[in-house]
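Note on naming: letters A, B, ... go to the chains in the order of the sequence lines (proteins, then strands), and numbering restarts at 1 for each one.
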2 protein chains.
Amino acid sequence: MTHDAVHGTGVAFPRWHRRVSTASGPRPSTLAQRKRQLVATELTETALQLFAHKGFEAVTVDEIATAAGVSKRTFFRYFASKEDVVVQFLAGMGADTRAELAARPAAEPPSAALLHAVSVPLAACGDHAERTLPVVRLVLRSPALLARFLEHQAGWREELAGELASRLGRDPAGIYPPLAAGMALAAFDTVLHRWSDGAGEPDPLALVSRAFALLAPALDGAGEE
Amino acid sequence: MTHDAVHGTGVAFPRWHRRVSTASGPRPSTLAQRKRQLVATELTETALQLFAHKGFEAVTVDEIATAAGVSKRTFFRYFASKEDVVVQFLAGMGADTRAELAARPAAEPPSAALLHAVSVPLAACGDHAERTLPVVRLVLRSPALLARFLEHQAGWREELAGELASRLGRDPAGIYPPLAAGMALAAFDTVLHRWSDGAGEPDPLALVSRAFALLAPALDGAGEE
DNA sequence: GCCCCTCGTGTCACTCGATGCCAAGCATGA
DNA sequence: TCATGCTTGGCATCGAGTGACACGAGGGGC
């Protein structure tokens, strides 16, 4: 090990990236780690600024690295790909959603639990709209970024499905868990789109609440399969 | 005027915007187009064979092109990217789904219409499992292919949402259309996963039917927003 | 104080996906 | 036969991503 790319350094956007702290324990915050974090945030800031200014495709990795004061090779020691600079920004949303779902009371019906779970990252978006909105717009518009983002989401769906299955004592290989997770993520996506496109609707929480009002009968109504 | 501009100039968008639907009989148009089709299928066959044998990442475009008897440059005249060789294989599914949705009787409730729409590509998968199953497995396992596939699906969702909106006379900017489309695609994805993973379940139609039984109350129950 | 070991970084070189440009081949139509 | 248009191949180039290696700084042990 001790190889490249353990891109675990939560790159500090909003606070929403909370380490679950189950396995790795407390963060020692070594000097080396702090330096690492510094470079990572510098790279991220620089990249986002350039992307916002020139578009994602038009910016080269060399450009980002040079502007941030490091070499291209070093860039790839922090991020697995050019897309990762942006997508890692949103990467915490999946973990947060799953953690929140795990934290919801077991008696809660799936629709309510999933609504609360999905609301966590959306609330963060709404609260830090100045910073998140440009990033979300960037991701949803650039094909390459969208592809990577959706790929991440596929992982979230599996995690949410597993969490749901264990929550409800259902067969993880059944249809309901991944389907319910997919519905929740569909709502998430829809809200994200409307929020990013929308000039009018400022509150993603209200949107997602309406979305789950539609989904609820399907999420809660299913007895067995 | 009326020189032989018969038809050839009409198309001419990106060259690779062409249906490769294997289901219906090959509709020959021009000799040139037929030759094109020949090269395209040759490239696709070769690529799929190599991918199945060595994995997607391990095969280079040069390899595919050489094995198919053309140059690398020509490969990119037929496919926009390496992923496209595989994804175009499945590209027709989105169009078929949307077409079927448009063809369903207007009086049909959304759940039934969407079920039938989504069943079209799934039935094709089930019928030609020998050919489609390896491709589907390849796509769902290779990260790069999955990302592209999901990107395509995002486009399908928009189309389905538009179709739904006009079907039901709803506001296309509302929440219901994209959400319903997302639910249908979630069912589609879930079924595709189960079908590709499954050693036991041979019938995707039965699976998707069960999935829509779960979704129906949400798809049909919503009165207004 | 010095040595050594580790780690992060920069440089170089390379693979591979993807694109632009230009010349050659081959068809069709006048 | 010549001109036109389309397809192709070869070449050059860019950019993403990776491996190998050497350099320098910091830390620990003597």
Taking A:Arg167 for the side chain and A:Arg104 for the main chain, is one N or O donor matched with an acceptor at less than 3.5 Å? yes
A side-chain contact here means heavy atoms from C-beta on lying under 4.5 Å apart; do A:Tyr78 and A:Glu42 qualify? no
Closest non-hydrogen atom pair between A:Phe89 and A:Leu48, with its separation: CE2-CD1, 3.0 Å
Taken to the nearest whole Å, CD/B:Glu42 to P/D:dT8 is 13 Å
From CG of B:Leu38 over to C1' of D:dT8, roughly how many Å is that when rounded to an integer? 15 Å
Whole-Å distance between D:dT7 P and B:Phe76 CZ? 18 Å
Length of the NZ-P vector between B:Lys82 and C:dT19, whole Å: 14 Å
Partners meeting ring-ring contact (aromatic ring centres under 6.0 Å, His included) with A:Phe188 (sequence neighbours left out): none
Figure out the CD/C1' separation between A:Glu63 and D:dA16, and round it to whole Å. 14 Å
Rounded to whole angstroms, how far apart are CZ on B:Phe56 and C1' on C:dC16? 12 Å
Could you list the donor-acceptor pairs under 3.5 angstrom formed between side-chain atoms of residues 55-67 of chain A and any protein atom two or more places apart in sequence or on another chain?
from, atom 1, to, atom 2, distance (Å)
A:Thr60, OG1, A:Glu63, N, 3.1
A:Glu63, OE1, A:Thr60, N, 3.2
A:Glu63, OE2, A:Lys54, NZ, 2.5
A:Thr66, OG1, A:Asp62, O, 2.8

Is there a side-chain contact between B:Trp156 and B:Thr97 (heavy atoms, below 4.5 Å)? no
Write out a two-atom table: protein N or O, nucleotide N or O from nucleotides 8-15 of chain C, distance below 3.5 Å.
from, atom 1, to, atom 2, distance (Å)
C:dT9, OP1, A:Tyr78, OH, 3.0
C:dT9, OP2, A:Tyr78, OH, 3.4
C:dG10, OP2, A:Ser71, N, 3.0
C:dG10, OP2, A:Ser71, OG, 2.9
C:dG10, OP2, A:Thr74, OG1, 2.2
C:dG10, N7, A:Arg77, NH1, 3.3
C:dG10, O6, A:Arg77, NH2, 2.7

Rounded interatomic separation in angstrom, taking CG from B:Asp62 and P from D:dC11: 13 Å
Here the distance between atom C1' of D:dT18 and atom CZ of A:Phe79, to the nearest Å, is 18 Å
